[in-house]
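We name chains A, B, ... by the order of the sequence lines, and we start the count at 1 in each one. Please read all numbers here as calculations on a predicted model, not as lab measurements.
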Amino acid sequence: MTTEVGSASEVKKESDQIGADAAKEKPKEVAENQQNQSSDPEEEKGPQPPPAAESQSSPRRQKREKDPSESRGISRFIPPWLKKQKSYNLVVAKDGGDKKGPTQAVVEEQIIDKEESLPREERQAKGDAEETAQRKQQEIKAQVKEEQPSVSVAEAQLAKGESKEREDEKEKEIQEEKPEGEAAKRETKEVQTNELRADKISQKATKKTKTVQCKVILLDGTEYSCDVEKGAKGQVLFDKVCERLNLLEKDYFGLLFQENSEQKNWLDPAKEIKRQLRNLPWLFTFNVKFYPPDPSQLTEDITRYFLCLQLRQDIASGRLPCSFVTHALLGSYTLQAELGDYDPEEHSPDVVSDFQFAPTQTKELEEKVAELHKTHRGLSPAQADSQFLENVKRLSMYGVDLHHAKDSEGVDIKLGVCANGLLIYKDRLRINRFAWPKILKISYKRSNFYIKVRPAELEQFESTIGFKLPNHRAAKRLWKVCVEHHTFYRLVSPEQPPKAKFLTLGSKFRYSGRTQAQTRQASILIDRPAPHFDRTSSKRVSRSLDGALIGVVDQSLMKDFSGPPGEISAYGPGVVSPVGIQDGDGRRDVRIPTKAPHLQLIEGKVKMEEEETQLEEKNSLRVEGDNIYVRHSNLMLEDLDKAQEDILKHQASISELKRNFMESTPEPRPNEWEKRRITPLSLQTQGRKGDHLFKDILSMKEKHQMATEWTVEEKAQEADKSLEEEITSILFSEKGLSDSMRATFTSATTWTAEGTVVNCNAPSEKLSSSSFSQLPESSHETLNVVEEKKQAEVGKDERVITEEMNGKEISPGSGPGEIRKVEPLTQKDSTSLSSESSSSSESEEEEVGEYRPYHRVTEGTIREEQEEYEEETEEEPGRAAKPPVVKTEMVTISDASQRTEISTKEVPIVQTETKTITYESPQVDGGAGDDSGTLVSAQTITSDSVSTTTTTHITKTVKGGISETRIEKRIVITGDGDIDHDQALAQAIKEAREQHPDMSVTRVVVHKETELAEEGED
Amino acid sequence: MGTPGEGLGRCSHALIRGVPESLGSGEGSGAGLPALDLAKAQREHGVLGGKLRQRLGLQLLELPPEESLPLGPLLGDTAVIQGDTALITRPWSPARRPEVDGVRKALQDLGLRIVEMGDESATLDGTDVLFTGREFFVGLSKWTNHRGAEIVADTFRDFAVSTVPVSGSSHLRSLCGMGGPRTVVAGSSDAAQKAVRAMAVLTDHPYASLTLPDDTAADCLFLRPGLPGASPFLLHRGGGDLPNSQEALQKLTDVTLVPVSCSELEKVGAGLSSLCLVLSTRPHS
């Protein structure tokens, strides 16, 4: 807290100065500022008046002198790559100076622009420290800033190219931002602590402990408290809880928080907790999120036990209705599991009455329970649990998540989301059902929820069915639940967030966890002795239902937890492994027993070169083949750059898929009893089509069935093809961005610099969407043609920019805590554009969301974290110096916060701290001197887990007729000092080699940052 | 609950009710009832009872006919039985409602849990209910309304209960039935096919379907008397009644076909599902 106060005052002081200067500053900029401010209501809360800022230089300089150590703060913003740049300093400066001459002015302006926005945000953040909600947002922004520079190396170079004075200015900026950044730092996986100043250590210590206590009601009714850092993502807390519970098969579970008396929300593991909670208390309940259709397939008894606990609650509360007989039977298994064999002396009726078996429990029921209990003699607790589950899973409402709604005629109905699809209930009656395969699209708008269903047998047209939810949030919640359930139960691996094209406004939410298929596979690998755990009595549950929570600390749950080493091996790559980069579940795959996060940072960079590797092509081809079996999955969407492990995984999941396909009917719950029955293959085929499960035996014609099957497959292939096309075109379009395009961009830059910051984002967005919309035509055309098209498009896009931006500002800007991403303009129409939009999707206020369970669309790149980078940056500083102009305006963000980010980006100029070791093979230098090649394609893939971030850049360039593919992997490992860095590095290199056997490692840069920063900068 | 599907047709007892003379004369409840050959009707009814007892080995309880209840033999409309629970229905025809009393008493005596409808707005004919072993379908027909279906859902909470619109003046069970735990048999009429399609949409479970030329042939009973594992029977309308459907029924290979005839009683709307109630007194064994 002290920290906050301190920084706040600091800011105020500064703001005063700025305020004084403000009037003198360029009016244009001021106006712009104000404009931006108004667009972001949050900012108005800041103590500081909007204006401002460019003039800071004098005040800032003063400040800097006062506190020279502050400058080190910059290091935090300097990506490790940047730091490495040190060695290239000279070159950069020279080249940059020469080539960049004309554009330099532009850059400068931009920088100024950014600068002004920076302090404002800071101030706000600090001033409102007490206001959690606001703070939330601010911190998020800060985080974004941090990430941004770290990726855009080119930008850093650009910065280098700039004059020293500029560097100074920037440093100053960075310093100012630092306090805010510090807070944010903790939130990022990639933690860089070394910039800590000596004089700020105490503050930092304070901040470090700035954690929030979370209370989690566990399934046995006990409460678990733990501290998490304020900026922690949901996953952190969830992992803590699972660790506490000693639970490995955790993908079926989740954390709920109570939004209001009626509604509970799932905590999104991929997002920061505080952003989701807003002002709600940090109180959660640990619950089953996805009910396994066949609990007997769970690997561990402990998982089944937690599932039992959940179901007992569900039953006792009436959420899961069942008949008297079933209540009695289930109750008897509960008694057997918790009390053991019936003992007439111990198990008096009173004891039985302590349990709650049903919402309304009668004496008759208790007697029946006791009677049945006697018949279970000899069953172990685990067996009793299994029996319990075997009976529960057949209940028709098992695993059905009900949502109140009204149909188009205003009739009260309930929508039930389950493994199989969407069920429509009126009262208790099922009146309709939409199996997942039948649903083409799920969307919501305001409080309406829509599903688009494929035409029925005899119909020709798709129909859209709308439901009215009580409110917008309910509609969104339902939509999210649908997306998650569909992904979890129907897909082999999670879908990637959608491209910007589809939803400029909508939510890009996607389920990011493991799918059922993946978690099953992971479960198979669990190799640990069955953990010991005590079954706490469900009596406690019933009491807790009355409101009296008993804080029993269940030691037994903890005592077996022997760290997750086995887990790591079971679940995925090791600490340094760059594997699973593109996997949606990478986050979970890599688990690192980091107790003290962000203590240390290792960066390993591995570059590989290869002549003309058509990675993408290979991938899409392979995928296409696989996909025959996977019509309804997004397998084919998997990454372009697959680690070997990933491929294995991939293959395994395919074979699993095949197996599933062969064995079971497509309808969910395939592995249950149905499997045992013999179904004619043709019937299965029918089933796959989703609608007519009923097969007419009389009219069964094998041939016909086969034909149907083939049609389906063809469709799948078509889908694949189109996907492939998409990717291809994306690459081509990148080529279009090469030299010839630079001019265009440059001009765009100029324009941007003159205009508002907001304008900057617009082009990128527009570009991206245009490139996607073009897909159909451009797909298989020649490079040249595409290139030309591309150019034409760019021009167009620029014109539209303003409108685009307006739209943007209005909608997402209204969301409170949005993460914005800064993207290099050069990448505009590359695949990763989507990233920007996906991040903006975080807004809770989204008006619309869309999800197409059927048509999967993906690009090579994925997920929020991804960032674009400039071609060649590292190795060819000279060349890099050129494009930077472009980079300056790569901001894709629309609201005022963006500016801050921009300035952050500039920061990198400042060199600081820590140890950077570069190992490289001679080739690299050769490349550096070259003429700039033509960038054919570039893509960035980032994946992260709790404590590692892996960024993969794939660049293809054509230089003098030789094409070259570079892959850069950047692995950030955050952990305490126990990590053997050398070993980790070796491992990383080894893995990189294995992944790309036909490429060579040309450079390895290790950058270490330790908590105690070295003194002296530059 | 037993294994879903396995529970289908488990039975130890069958309940029938004798054919009153009033039915033969066309008197009584329905004004529009056609006259029957009473002797033939009684003979057929007797044969049915005999098959249930001797061929299937069920304990047969025969309620005495009541002259005031000409449609009393159609006791399948008066109760929906699953497991140990019997829902006593509220037939659409007010004249038939007294029929439930005798049935209720008998079922109670057999130890079933009796559930009453207790809602004056609900109507439910038992033959509008199809239990597949995994779920219920309730035909929303001329005879059964939504509220009636809702009570079915309320009574058998373990199971999904879906509603199926039934066009025309048929009961759901006169259009379709179960030929096995995973097989729905249905007539070929539009109404029957429509019902089956609706069911296919609503179900979570994959069933095969077998289409029979005659709708009434689909009103068959899949029965699994005796101990678990004993081979099941399919009580169906024989070649004398419905010659066209016999060949198709031969496709059901996993059951022992037991043909019976009820062509005379059919004239008053009877089918196999309405002429007998089967139940198990040990549903969970």
Side-chain angles (χ1 to χ4, degrees), chain A residues 320-327 329-330 372 390-392 394-398 400 418-421 423-435 438 456-457 664-670 672-674 676-680 683-684 686-687 690-700, chain B residues 1-6 82-85 113 115 134-138 140 146-147 149-165 179 181-186 188 193 196-213 247-248 251-252 283-284:
Chain A
L320 180 55
C322 52
S323 65
F324 175 87
V325 181
T326 304
H327 275 137
L329 184 65
L330 297 176
L372 289 170
E390 282 304 293
N391 284 281
V392 172
R394 294 182 194 128
L395 296 171
S396 77
M397 298 305 285
Y398 173 80
V400 179
C418 67
N420 299 353
L423 303 168
I424 316 295
Y425 294 90
K426 187 175 173 196
D427 305 312
R428 285 182 187 276
L429 290 167
R430 184 186 291 182
I431 58 172
N432 213 338
R433 172 179 180 273
F434 301 96
K438 217 187 160 185
E457 235 169 323
S664 60
T665 58
E667 284 307 288
R669 314 199 182 187
E672 300 179 23
W673 56 90
E674 268 99 357
R676 282 178 256 134
R677 302 168 197 284
I678 301 137
T679 318
L683 173 61
Q684 294 174 351
Q686 287 278 23
D691 357 37
H692 33 92
L693 296 171
F694 283 45
K695 202 187 125 296
D696 196 325
I697 292 178
L698 253 192
S699 60
M700 172 170 66
Chain B
M1 291 170 67
T3 307
E6 303 295 327
Q82 196 285 316
D84 69 344
T85 302
R113 293 169 44 79
V115 178
R134 295 178 173 81
E135 63 195 311
F136 285 92
F137 293 101
V138 181
L140 295 180
H146 181 84
R147 182 72 189 122
E150 207 181 317
I151 294 175
V152 175
D154 236 359
T155 305
F156 303 103
R157 295 187 177 196
D158 294 349
F159 298 94
V161 179
S162 305
T163 54
V164 181
R182 294 175 67 99
T183 306
V184 173
V185 295
S188 49
Q193 289 299 307
V196 167
R197 278 198 299 271
M199 288 158 57
V201 166
L202 286 159
T203 185
D204 289 331
H205 306 285
Y207 302 100
S209 83
L210 173 64
T211 303
L212 304 176
E247 188 188 341
K251 293 181 181 294
L252 297 171
H284 300 293

Novice: Would you confirm whether Arg430(A), through its side chain, and Leu202(B), through its main-chain N or O, come within 3.5 Å as a donor-acceptor pair?
Specialist: yes
Novice: Any heavy-atom pair between the side chains of Asp204(B) and Arg433(A) that's under 4.5 Å?
Specialist: yes
Novice: If you take all heavy atoms of Ser396(A) and Ala160(B), which pair is closest and at what distance?
Specialist: CB-N, 2.9 Å
Novice: Rounded to the nearest 0.5 Å, what separation is found between the OG1 atom of Thr203(B) and the CG atom of Asn420(A)?
Specialist: 9.0 Å
Novice: For Ile424(A), which atoms come within 4.5 Å of any heavy atom of chain B: side chain, backbone, both, or neither?
Specialist: neither
Novice: Looking at OG of Ser323(A) and CG of Asp84(B), how far apart are the two atoms once the value is rounded to the nearest 0.5 Å?
Specialist: 7.5 Å
Novice: Distance check, rounded to the nearest 0.5 Å: Thr163(B) atom OG1 versus Ile431(A) atom CD1?
Specialist: 6.5 Å
Novice: Roughly how far, to the nearest 0.5 Å, is SG of Cys322(A) from CZ of Phe156(B)?
Specialist: 14.5 Å
Novice: Give, for atom CZ of Phe136(B) and atom CG of Leu429(A), the distance between the pair rounded to the nearest 0.5 Å.
Specialist: 12.0 Å
Novice: Report yes if the side chains of Arg157(B) and Met397(A) come closer than 4.5 Å at any heavy-atom pair, otherwise no.
Specialist: no
